[in-house]
Amino acid sequence: MNILSLKNVTYQYEGAKKLVLKGVNAEFSSGKIYTIVGKSGSGKSTLLSLIAGLDVCSEGEIYYKGTSFKELDHDEYRAKNIGVIFQSFNLLTNATGIENIILSMSISGRREKNKKEYAYALLEKVGIDRETANRKILKLSGGEQQRVSIAHALSHNPDIVIADEPTANLDSDTENAVLNIFTSLTRDEGKCVIIATHSKKVASIADEVWGINDGKLLFIKHS
Amino acid sequence: MLVNAKYCLKNPSMLKDFEAELRAKGLDEYYLVSTDEAGYQKVVGPVEGLRKISLTFMIIVLIFGAVILIILSSIAIRERKYEIGVLRAMGMKKGKIILGLWFEMLIITVLCLLVGFSIGSVAAQPISDALLSEQIENAKIAARQGGIMSGVVSGIALGGPVERELVPLEQVDVSVGIDTIIEIAIIALFLASLTSMVAITKITKYEPIRILAERN
Ligand SMILES: Nc1ncnc2c1ncn2[C@@H]1O[C@H](COP(=O)(O)OP(=O)(O)OP(=O)(O)O)[C@@H](O)[C@H]1O
Ligand SMILES: [Mg+2]
């Protein structure tokens, strides 16, 4: 069964005249990487925020494992089932990386014996050492923030990982490391990864590439 | 023969009853029952003045305080809008965030109360002493100005010597009782809760992405 189904998803920002999304239909399944491409302003971030349960569709419906979002507890869904890497990171800037991750683990109700060690290990995977992990987010570079944000999104072991331009601030070595994490998440852990990106390189790791144009989501190609 | 008897009553509101009681006990209409208004004013006037001043102050402080409190807590909450958005995005429940912010507000209010009470307890006595002595001065000046006019009328009726014996209240004990402290604390906590709740509920009713979008 598909983990996520979008049925006729339509979205309009409050007070805006134009529809950003016009009847989007799509199916996403576990163990696959999807990329969504499209011009700047085409609605990629908007679509991801709907999938992430951060906003609600103006029309249409989204189903998670067959349950409509209308019947789903959005807070619970965000806390447990989905990890989001935002275009603008959205971390608590006055807290350290490690604190952000531990907080997110606590909210999701995970009972790791040693949350801190788990969080350090996760950060190490994206190339953040302990010293950096204990610095406030404010005092990290853009790329470091991005990597903390990636670890943060994975910290509660969600089924779905959503990423909005996850490699925009990274050098190509770090980018490769991050893309390897995404690949391993799908191949080894069977997660569903959806990435919005402009980068050809990111699009190249995808199982399916979709594009947004004029509010419609169109299938572009298989890998 | 001039008979002059002087009674001291605890409270000016007892005057009517006192006269009624005297008459009932058979005091002849021939005798006048009169009050030493000027003497009373001299003794209590300054304290009355102090009371008026503190009442005015209290009203001003309450009104300004409430306005400032509402503005400050709206600003404080708005500053934390982003934080609220992030926590909501992580899936923290609205209620939990509201409780957390409310709790924080209460702690701050309690700290402010402690500071306020400490400063108050140290400063209240000197301030009230200063205000009171000013009031006494004012009363003296007023008495001197008014004295010429009223002197003839009241002076004879009251009998001269009385005035010299009257000394204004020079000491007011302003220590605050535990009841008053509790009352003030409850009012403060209630006001703080009310104002912060207004601001908090305003923000948490949005979808998380809206809260986040406003900053990005
Ligand atoms: N809060 C908002 N209110 C009104 N319009 C908005 C709001 N946020 C975004 N939009 C508009 O919605 C459209 C889609 O925005 P979105 O952020 O989804 O684009 P995007 O594809 O992610 O672009 P980019 O590649 O630049 O990140 C844009 O035209 C944008 O101006
Ligand atoms: Mg975007």
Side-chain angles (χ1 to χ4, degrees), chain A residues 11 13-16 20 45-58 69 72-95 99-110 137-138 145 148-149 152-153 155-156 158 162 164-165, chain B residues 68-112 115 192-193 195-216:
Chain A
Y11 189 82
Y13 279 102
E14 228 177 64
V20 179
S45 299
T46 307
L47 180 65
L48 292 189
S49 70
L50 292 175
I51 293 176
L54 292 160
D55 208 344
V56 287
C57 316
S58 314
F69 268 26
L72 206 68
D73 178 344
H74 284 212
D75 294 327
E76 190 103 0
Y77 171 72
R78 286 198 301 271
K80 293 190 173 150
N81 307 119
I82 195 156
V84 186
I85 301 153
F86 291 94
Q87 198 163 14
S88 46
F89 317 139
N90 290 338
L91 298 162
L92 291 180
T93 50
N94 245 325
E99 285 165 353
N100 268 280
I101 290 174
I102 290 175
L103 177 64
S104 157
M105 289 167 76
S106 305
I107 292 174
S108 71
R110 282 180 71 106
I137 299 298
L138 278 173
Q145 290 187 30
V148 171
S149 172
H152 178 253
S155 64
H156 50 286
I162 277 179
D164 201 347
E165 297 288 357
Chain B
I68 289 170
L69 207 63
I70 290 173
I71 294 172
L72 279 185
S73 66
S74 316
I75 292 173
I77 300 287
R78 202 175 311 158
E79 291 235 311
R80 309 192 50 188
K81 207 167 180 173
Y82 172 72
E83 202 180 323
I84 295 171
V86 171
L87 291 173
R88 293 277 285 120
M90 284 187 192
M92 193 180 264
K93 298 239 182 267
K94 258 185 214 180
K96 215 164 177 187
I97 292 176
I98 292 176
L99 269 181
L101 288 170
W102 183 49
F103 195 66
E104 225 176 83
M105 194 77 183
L106 289 187
I107 290 176
I108 293 171
T109 313
V110 168
L111 288 179
C112 290
V115 172
S193 303
T195 51
S196 59
M197 275 303 159
V198 171
I200 295 170
T201 44
K202 221 176 185 174
I203 287 180
T204 47
K205 79 168 186 252
Y206 295 118
E207 294 296 330
I209 200 72
R210 302 268 161 85
I211 307 174
L212 290 171
E214 272 181 39
R215 163 159 155 165
N216 296 327

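Here is the naming used below: chain letters follow the sequence lines, and residue numbers restart at 1 for every chain. As the structure is a computational prediction, the values presented were derived from the model and not from experiment.
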Enclosure of B:Tyr206 OH (heavy-atom neighbours >12, cutoff 6.0 Å)
no
Closest non-hydrogen atoms of B:Met90 and A:Ile107, given as atom of the first, atom of the second and distance, are O-CG2, 3.6 Å
Does any heavy atom of chain B fall under 4.5 Å from the side chain of A:Phe86, the backbone, both, or neither of them?
side chain
Interface check, chain B: of A:His156, A:His74, A:His152, most non-hydrogen pairs under 4.5 Å belong to A:His152
With sequence neighbours excluded, residues passing side-chain contact (heavy atoms from CB on, under 4.5 Å) with A:Phe89
A:Leu91, A:Gln145, A:Gln146, A:Ser149, A:Asn169
Measure the shortest side-chain to side-chain distance between B:Ile209 and A:Thr46 over non-hydrogen atoms and say whether it is less than 4.5 angstrom.
no
Would you say A:Asn90 and B:Tyr82 make side-chain contact, with heavy atoms under 4.5 Å?
yes
Segment of A:Gln87 engaging chain B (4.5 angstrom heavy-atom cut-off):
neither
Evaluate the side-chain proximity of B:Leu87 to A:Leu103: yes if any heavy-atom separation is below 4.5 Å, no if none is.
yes
Going by the side-chain hydrogen bond (donor to acceptor under 3.5 Å, both in side chains) test, which pairs reach into residues 83-96 of chain B, not counting sequence neighbours?
A:Asp73-B:Lys93, A:Asp75-B:Arg88, B:Arg80-B:Glu83
Kindly give the heavy-atom pair with the smallest separation between B:Ala89 and A:Arg78, and that separation in Å.
O-CD, 3.4 Å
